[in-house]
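What follows is a short report on a single structure.
Please read all numbers here as calculations on a predicted model, not as lab measurements. These numbers come from the heavy atoms of this one structure, side chains and all, not from hydrogens, waters or symmetry mates. In the text below, chain A, chain B and the rest are named by the order of the sequence lines, each starting its count at 1.
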4 protein chains.
Amino acid sequence: MIVVMKSGTPDAEITRVSDELGTWGLSPEKIVGQHKVVIGLVGDTADLDQERIQELSPWIELVLRVEQPFKRASREYRHGEPSDVIVQTPNGAVPFGEHHPLVFVAGPCSVENEAMIVETAVRVKAAGAQFLRGGAYKPRTSPYAFQGHGESALELLAAARDASGLGIITEVMDTADIEKIAEVADVLQVGARNMQNFSLLKKIGAQEKPVLLKRGMSATIEEWLMAAEYIMAAGNPNVILCERGVRTFDRQYARNTLDLSAIPVLRELTHLPIMIDPSHGTGRYQYVPAMAKAAIAAGADSLMIEVHPNPAKALSDGPQSLTPERFDRLMQELSVIGKAVERWPQPAPVLA
Amino acid sequence: MIVVMKSGTPDAEITRVSDELGTWGLSPEKIVGQHKVVIGLVGDTADLDQERIQELSPWIELVLRVEQPFKRASREYRHGEPSDVIVQTPNGAVPFGEHHPLVFVAGPCSVENEAMIVETAVRVKAAGAQFLRGGAYKPRTSPYAFQGHGESALELLAAARDASGLGIITEVMDTADIEKIAEVADVLQVGARNMQNFSLLKKIGAQEKPVLLKRGMSATIEEWLMAAEYIMAAGNPNVILCERGVRTFDRQYARNTLDLSAIPVLRELTHLPIMIDPSHGTGRYQYVPAMAKAAIAAGADSLMIEVHPNPAKALSDGPQSLTPERFDRLMQELSVIGKAVERWPQPAPVLA
Amino acid sequence: MIVVMKSGTPDAEITRVSDELGTWGLSPEKIVGQHKVVIGLVGDTADLDQERIQELSPWIELVLRVEQPFKRASREYRHGEPSDVIVQTPNGAVPFGEHHPLVFVAGPCSVENEAMIVETAVRVKAAGAQFLRGGAYKPRTSPYAFQGHGESALELLAAARDASGLGIITEVMDTADIEKIAEVADVLQVGARNMQNFSLLKKIGAQEKPVLLKRGMSATIEEWLMAAEYIMAAGNPNVILCERGVRTFDRQYARNTLDLSAIPVLRELTHLPIMIDPSHGTGRYQYVPAMAKAAIAAGADSLMIEVHPNPAKALSDGPQSLTPERFDRLMQELSVIGKAVERWPQPAPVLA
Amino acid sequence: MIVVMKSGTPDAEITRVSDELGTWGLSPEKIVGQHKVVIGLVGDTADLDQERIQELSPWIELVLRVEQPFKRASREYRHGEPSDVIVQTPNGAVPFGEHHPLVFVAGPCSVENEAMIVETAVRVKAAGAQFLRGGAYKPRTSPYAFQGHGESALELLAAARDASGLGIITEVMDTADIEKIAEVADVLQVGARNMQNFSLLKKIGAQEKPVLLKRGMSATIEEWLMAAEYIMAAGNPNVILCERGVRTFDRQYARNTLDLSAIPVLRELTHLPIMIDPSHGTGRYQYVPAMAKAAIAAGADSLMIEVHPNPAKALSDGPQSLTPERFDRLMQELSVIGKAVERWPQPAPVLA
């Protein structure tokens, strides 16, 4: 931490602030500039609250953090090595991570009935997916929109899991539901709207299933990593980060702005695996192929793509869903890029 | 709803879409333009999902909603009249609303100990506040920052309520805590980060205490009103809306951008009372007075202001807190504007 | 400036960077932290380019500016005192500034014909305005929209000036037009879209008429002050800053988000006078009164308000214009707030 | 266009509005809904100003544009076919467009001296670039930062053109400079800050050299295409669109957010060629390779990349520049993706 004092701060005040910070177990060192005095704080400052320092004195102009506020999520925490998040599925263990082949997650926005979810699972598996996504509990802007079939949809997901051997990823919206969802799901998803639902993060961090953490609609990269830190600090190291588009000033054509630069930025900052969701990220199925290819070229570890057997009849998110046929074609197209960057799963994407 | 068909859509497809919409209980009417055909949907479309229509046909260019998606929260729902949210406090009933005097809510970000919360309560009451705010459960970006004293802080709030007669407003972060918080609080707060925590909205809508709903950091006005609609649809009509700054590209000086234009916009759209929080809205105590005055001039019904007996020692949000002395002075300054717009509580702000 | 070296930087590299910075006329001072070394730069760093330092070494983690990058625009430049921008008008000199009464600028978006501009001038003067605004050259999103009457409109503005005695404010869009506009206008306006048209800023800074500098649609406060710095560095100290709404994620009801917190922020940072434009800031005439009142309460020095004798027939910006009758009423309403904050022009707003 | 009347609009007013619109050469058709009346406007509405309609009556709730506001820039204008922008260079004609190989533009932010610009030109040509970028006139946030060498730099660009045979792309900031820049440059660049400098757009549209139009920092896709429309309407059809990052709430790691979804969106809307600038788009050279690869995978027609022989000594934009060695390596990496998508220039990228 670096504390910048306002120009004209009395010497006595600078001494007082330094002394106070000394009592916090830090070693303050003073640099006297032409106009301003700066105090460098030597010691373990990662847990320090920037704002508490600022309020030590009205003469403090600003407090600058030099160390990153996240620890367990940081690349340094693993000495520069990426982590593998390995998920057990009926078809075997699937590893997510920088040194592993691409992992594909596909399926509908919400689970509608047994036939559609089983059919989708079988179809996306045939096309190369290792995981089925599908919402039992759906966050919807309107209370009058379809809210998901809830608990009964969990059984349908279990049936689809049995039928296809795919792993299941589904969203948790309420701390009260964690346990029953964890019985069925192989990966628990925290949605964008709940990225800073800290109660949920803590409780999901206290259970053992891997967690897919979507980026909040207007969350900074740092806030997102701090949300991961909540889960990891609660005991669960198996976090996968998923970029799904951020909110900007332009929502006329693409519904969100998919921030693919998050890939190289995260790669530098964290060891956690990175997933991209071009379906929510753009909001329109026509834009999904271009952005899926771009995500692979940029180095994503995994993709999540919405597929619905009949998007025109989908109970939610129809306009961004691909048909199974389009998904087949997309996987063919993606394989060209995936092979070029040597991340395509060959010949079988799952570990025994 | 208005459905715009792409230019070149075959007549048979237009007929098919019209017929399908007819089976949904709507009366579609066709306008044939020079390049495009437009279908107007007559009937009760408020519950209709725009996206489901869009996916009826790949020939649909766009679906435009003409009616607002919120009902209970709309101004029309009360035939243009504002609603009064009346809160019972030890000092009497306090009404929030357009035809009532300003209501002031003040207090610290978090409840730290009994002495500080009781002292703050007594001080802000003397200055003119009717409600004490104070967090027992605190949403913090970092898992390593102070998280609030939780349940034990609720008792301290109860003590401050007894000592001062002020109503209590405190935040609920987890559906599991609603009941115990509702025993102490007079108003339950949903924080910005939970504005689209739909599980929380539904459960808080199913209990009887009035609800303070903060606007999400990047929530549109419409999403915010839809969040209010969740609470109201669940049975609780007593919702107060609180603007607390939105996230924009510039966070260097003010931490958020306080969107005061929300006041005239909401006045037009909804009957619900409007509160402004200039403390979170700017993030710096120096900017609070200017924005508090502006809020009153723009027509706010209530203000929420952070006050801490010793901001330099505050466990959270110190930089945006006023000392009790500064709050006294601010209330003097605000009374000038409040009297000019004839909203100042005179002589006593509470009903018997 | 503060230079933070990456953890693990070799000592030799730290020495090399320090030595290099020493050759730039700075006195580098080193603080050795637990993980990182920080170099404080003592000396006149205001003109230093942050990025050039960053590139001295790949071991530099970040370069933090402690001093503000603007000088002439800074509050310190005038030792904490506000500046007065005094504009000569036919009716006398009108001062803009913190210690002066409010100044009102009113008029149509664009000059349409002599009758309408003269009528508007006479009407807004009667209501209390000291300046007439009106565009001869109009920045329009579409090349097919009305672009302003150009040079011939300047004569109409001159006629309105003669008829009313009001000062004239009009926009310059092209460096080639500065001279002829300066013959008629009392204040030259740089529009939001040209805030970083640096050629225009330099040339407008090289002439003598006062300049109204609108904030760019997504300009930070710092970029805006740097744009003012361009004008001032070119020799013209008479700059008035005008906030007119910034671009955010929500444009459904208000077209822009009027950032009133710019008022207290600018007051702290700069000595320049502050104007607010609630007409462009909201984009709808219904929201203008609330935001105009708020601007005065927050401490604005001046307001710019669109008035058109017949908004329904306006060639541009109709929806945000007030009729002269509504403007009369608005001025009555504003006087209540203006008097309360002791900024209302009494009895005559112009100096002899 | 579709005009939605407020609920409760008197019949006479609806008739009046319809009649008025009829006098504009349109055929209004009325749909009577349950709550509202909607008027569809049949006829050529592309040139119509949405806002002028809105102001016809206070009973108009909203006016919805169904047709796109751009014509010459629209995909329909060329019956769905992409356009080729063919640029003459000393090495031959280089076509930009969807059906052509990738075109690479590389070079420093600003032209510093003859040796560096010639060396850079020779190096980037050897690596596969067809164009040299380099600023003679530089838009800089601070008036105290290096502003470019101006006219004398144009001669240096001419020398680099002669030495390498590369085409030259350089920025125009002032209408007064167009002619002399057009003597040297093969493509004239309009920078992000001038995207809505309409005077510049009109004058650059009136000359013959192809134009590279960068997207404004917070310009919507529609505004960007309207800026292209200005150039095209002035007579110059040869416009290349360049995405260079938009401004969002998060600027901590990547300086801007590179909006790659602009690629599929533009492909759908316009026939114009699409260039991506990952250097400005991220602001850090480390992130350039990932985003350059992603851009190619997503379907970009061209890339602009900053290369400087010694970024540590660059007079501007050092942190985002690659060294020539890194650029060589990057081109190798890009060729893998470029070949996979069959857009890599083989064997020679220029036409005879």
Which bit of B:Asn197 is near chain A, if near means a heavy-atom gap under 4.5 Å: side chain, backbone, both or neither? both
At a 4.5 Å cut-off on heavy atoms, which part of A:Ala219 comes close to chain B: side chain, backbone, both, or neither? backbone
Contacting moiety of A:Gln147, where chain B heavy atoms sit under 4.5 Å: side chain
Taking CD in B:Glu325 as the centre, count heavy atoms belonging to other residues, nucleotides or ligands within less than 6.0 Å. Is the count above 12? yes
Just wondering, more than 12 heavy atoms not from A:Glu179 lying within 6.0 Å of its CD? no
Sole residue of A:Met226, A:Lys202, A:Arg72, A:Met232 in side chain to side chain contact (heavy atoms under 4.5 Å, CB included) with B:Pro143: A:Met226
Walk me through it: do B:Phe198 and A:Met173 pass the test side chain to side chain contact (heavy atoms under 4.5 Å, CB included)? CA-CA 8 Å; B:Phe198 299 117; A:Met173 288 177 60; 3.9 Å; yes
Working to the nearest 0.5 angstrom, can you tell me the gap between B:Thr141 OG1 and A:Leu225 CG? 12.5 Å
Interatomic spacing from OH in B:Tyr137 to OG in A:Ser199 - rounded to 0.5 Å: 9.0 Å
Does B:Lys71 make a cation-pi contact with A:Tyr144 (under 6.0 Å, within 45 degrees of the axis)? yes
Considering the options B:Arg140, B:Arg193, B:Arg247, which one meets the salt bridge (charged side-chain N to carboxylate O under 4.0 Å, His left out) requirement together with A:Glu223? B:Arg247
Heavy-atom pairs under 4.5 Å with chain A: which of B:Gln196, B:Met217, B:Met195 has the most? B:Gln196
